A.B. asks: 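Before anything else, here's the structure in question.
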Amino acid sequence: MEVLGTSTSTAKKPIVIITIGMAGAGKSTFVQRINSYLHTPTPSNPNPRPPYILNLDPAVTQVPFDANIDIRDTVDYKEVMKQYNLGPNGGILTALNLFTTKFDQVLDLVEKRSQDVDYIILDTPGQIEIFTWSASGAIITDAVAASFPAVIAYVIDTPRTTAPATFMSNMLYACSILYKTKLPFILVFNKTDVTPHDFALQWMTDFEAFQEALAHGGPGSVDSDGEPTYMSSLMTSMSLVLDEFYKSLRAVGVSSMTGDGVPEFFAAVEEARGEYEREYLPSLLKAQQERASQLQKAQEAAKQDSLQRMMKDLEVDRTGNPVDDKWEDDEQDEQDDDGELDVNIIDRSEDRWPGQYVDITRARRPGAGGAGGGGGGGEDEEWDGSRWARPT
Ligand SMILES: Nc1nc2c(ncn2[C@@H]2O[C@H](COP(=O)(O)OP(=O)(O)OP(=O)(O)O)[C@@H](O)[C@H]2O)c(=O)[nH]1
Ligand SMILES: [Mg+2]
């Protein structure tokens with residue numbers, strides 16, 4: 001994996017669009033829409049370059065686009081639910097965790113194709129918190145953002161956000177993701193064919209207008225004496241916080257149904273690339289340098305330590321402590337490490353679906369022989385009923 005900092009130029013790198021949003025906001029439809037936009041020739045771009053798409057939603061039954069890498073090829077989330085005795089959300093989360101253990105392979109596949117694509121698009125699971133509040137979501141986001149310029153496309157269900165209180169909670173959620181990832185951020189007000197997003201833009205730019213909407217937000221905003229209620233003053237204070245937040249992002253209105261606003265979205269992505277290079281990249285490089293110097297210090301300390309131990313060993317009677325035995329133990333350990341969970345992620349666009357279903361939920365099955373278990377189309381015919389150990 002090439003880390004961005006080691007490259008002299010980021011100009012040719014594809015940009016990663018991480019699509020995040022509440023359940024049903026239209027993330028997958030949006031990915032499908034921008035995918036079709038990127039396939040469409042225009043007079044200024046007669047030979048468009050299709051994007052590279054990753055589906056990270058293990059529970060989706062059908063995706064409206066051809067994913068290059070699909071989590072469902074690697075993990076069967078229903079099997080995970082059975083084996084770990086989990087509910088649907090726990091199953092999706094564990095499936096994502098299992099997939100993340102192989103994310104280095106995913107990155108290698110993406111790196112291999114990075115010369116041929118301008119955009120890499122990630123579609124995330126329906127339940128937003130599974131991606132935004134899990135270790136695997138953070139690992140995936142950090143890993144892609146360390147390798148490529150990256151931007152968060154936060155998809156909002158515009159018709160469902162017209163109530164000021166709902167709007168504010170959605171914005172607070174967006175705010176928390178911005179501060180967690182620190183990546184350039186685009187608010188995508190989706191479904192503008194149903195409800196135009198003008199009200200949202202007005203609330204974001206005109207604080208008074210939003211206060212006004214809050215005050216007339218229905219019963220509960222003022223008490224019997226005409227004073228603002230607790231909820232109403234809380235919302236006023238929070239909207240002050242949001243006012244600051246709005247300054248650091250861009251907003252576009254899109255209809256994933258009609259394609260309206262998609263060119264504006266890509267203009268915002270290009271701006272975000274500049275922001276990534278100006279703001280995210282320097283702090284990433286600084287963190288990498290700090291980590292490298294810490295690692296160097298730790299390695300030097302470990303070297304000193306082993307040197308001292310070796311000197312001590314030399315003083316020990318060799319017949320009592322045969323060195324050969326130690327050597328063999330180490331070799332054995334290495335073999336065990338390598339043999340574990342030997343699974344390969346599939347790039348569908350490279351290998352046109354060879355019919356070998358690789359399922360890491362079964363990789364530890366005795367006699368499975370590692371990745372793919374020798375093909376078998378993923379059916380249960382040879383499964384002996386053994387299960388993965390539950391997490392301790
Ligand atoms: N009218 C309209 N409907 C839309 C638009 N975008 C998505 N939808 C509809 O919204 C519903 C949800 O869309 P999805 O793309 O599945 O949403 P999602 O965020 O991927 O859903 P989950 O992954 O299940 O959370 C579908 O019925 C879509 O047809 C849009 O721009 N306009
Ligand atoms: Mg979806």
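This chain uses plain numbering: 1 for the first residue, then up along the sequence. Order of appearance sets the numbers: ligands from 1, and atoms from 1 within every ligand. If you're wondering where the values come from, they're calculated on a predicted model, not measured in any experiment.
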A.B. asks: Looking at Asp108 and Lys112, does any basic side-chain N land under 4.0 Å from a carboxylate oxygen?
C.D. replies: no

A.B. asks: Identify the closest protein heavy atom to atom 12 (C) of ligand 1: which residue and atom is it, and at what distance?
C.D. replies: Gly24 O, 3.6 Å

A.B. asks: Less than 3.5 Å between some nitrogen or oxygen of Val194 and one of ligand 1, yes or no?
C.D. replies: no

A.B. asks: Just to confirm, does any protein heavy atom lie below 4.0 Å from atom 20 (O) of ligand 1?
C.D. replies: yes

A.B. asks: Look at the rings of Tyr276 and Tyr280 and say which category their plane angle falls in: under 30° parallel, 30 to 60° tilted, over 60° perpendicular.
C.D. replies: parallel

A.B. asks: Between ligand 1 and Gly21, can you find any atom pair, the residue atom being a heavy atom, that is separated by under 4.0 Å?
C.D. replies: no

A.B. asks: What's the spacing between Leu284 CG and Ser147 OG if we round to 0.5 Å?
C.D. replies: 9.0 Å

A.B. asks: Distance check, rounded to the nearest 0.5 Å: Ile92 atom CD1 versus Lys78 atom NZ?
C.D. replies: 10.5 Å

A.B. asks: Quick check: closest heavy atoms across Ser256 and Phe30, and the distance to 0.1 Å?
C.D. replies: OG-CA, 3.3 Å

A.B. asks: Counting the benzene-type ring for Trp, do Phe265 and Tyr37 have ring centres under 6.0 Å apart?
C.D. replies: no

A.B. asks: I'd like to know if Arg273 pairs up with Glu270 as an ion pair, taking the criterion as any Lys NZ or Arg NE/NH1/NH2 lying under 4.0 Å from an Asp or Glu carboxylate oxygen.
C.D. replies: yes

A.B. asks: Write out the residue and atom name of the closest protein heavy atom to atom 5 (C) of ligand 1, then the distance separating them to 0.1 Å.
C.D. replies: Lys191 CG, 3.5 Å

A.B. asks: What about Val269 and Leu249, same hydrophobic cluster or not, with Ile/Leu/Val/Met/Phe/Trp/Tyr joined at side-chain heavy-atom distances under 4.5 Å?
C.D. replies: no

A.B. asks: Hey, is ligand 1 close enough to Pro125 that some N/O pair sits below 3.5 Å?
C.D. replies: no

A.B. asks: Does any N, O or S atom in Ser28 come within less than 2.8 Å of the Mg ion (ligand 2)?
C.D. replies: yes

A.B. asks: Considering only protein heavy atoms, which is closest to atom 3 (N) of ligand 1, and at what distance to one decimal place?
C.D. replies: Met257 CE, 3.4 Å

A.B. asks: Polar-atom distance check: Thr124 versus ligand 1, any N or O pair below 3.5 Å?
C.D. replies: no

A.B. asks: Suppose we measure from atom 31 (O) of ligand 1 to each protein heavy atom; which comes out shortest, and what is that distance?
C.D. replies: Ser256 N, 2.8 Å

A.B. asks: Name the closest protein heavy atom to atom 6 (N) of ligand 1, giving the residue it belongs to and the distance to 0.1 Å.
C.D. replies: Asn190 ND2, 3.2 Å

A.B. asks: What heavy-atom pair brings Val80 and Ala95 nearest, and what distance separates the two atoms?
C.D. replies: CG1-N, 4.2 Å

A.B. asks: Within ligand 1, which atoms have a heavy atom of Ser255 less than 4.0 Å away?
C.D. replies: 31 (O)

A.B. asks: Minimum heavy-atom separation for Arg72 to Thr61, with atom names?
C.D. replies: NH1-O, 3.1 Å

A.B. asks: Output yes when the distance from some N or O of ligand 1 to some N or O of Ser28 is under 3.5 Å, and no in every other case.
C.D. replies: yes

A.B. asks: For ligand 1, which atoms have a heavy atom of Gly126 less than 4.0 angstrom away?
C.D. replies: 22 (P), 23 (O), 25 (O)

A.B. asks: I need the atoms of ligand 1 closer than 4.0 Å to a non-hydrogen atom of Ala25, numbered in the order shown.
C.D. replies: 19 (O)

A.B. asks: Do the side chains of Asp116 and Arg49 get close enough for a salt bridge, i.e. N-O under 4.0 angstrom?
C.D. replies: no

A.B. asks: Heavy-atom contacts with Ala23 under 4.0 Å: which atoms of ligand 1 show up? List them by number with element.
C.D. replies: 25 (O)

A.B. asks: Would you say atom 26 (C) of ligand 1 touches the protein, meaning some protein heavy atom is under 4.0 Å from it?
C.D. replies: no

A.B. asks: Against heavy atoms of Asp193, which atoms of ligand 1 measure under 4.0 Å?
C.D. replies: 1 (N), 2 (C), 30 (C), 31 (O), 32 (N)

A.B. asks: For the 3.5 Å polar cut-off, considering only N or O atoms, please tell me whether Thr192 and ligand 1 meet it.
C.D. replies: no

A.B. asks: Run down the list Asp157, Thr195, Thr29 and name the one with the heavy atom closest to atom 15 (O) of ligand 1.
C.D. replies: Thr29

A.B. asks: Give me the residue, atom name and distance of the protein heavy atom closest to atom 18 (P) of ligand 1.
C.D. replies: Lys27 N, 3.4 Å

A.B. asks: Would you compute the distance between atom OH of Tyr173 and atom CD1 of Ile128 and round it to the nearest 0.5 angstrom?
C.D. replies: 5.0 Å

A.B. asks: Is the closest side-chain donor-acceptor distance between Thr19 and Asp123 under 3.5 Å?
C.D. replies: no

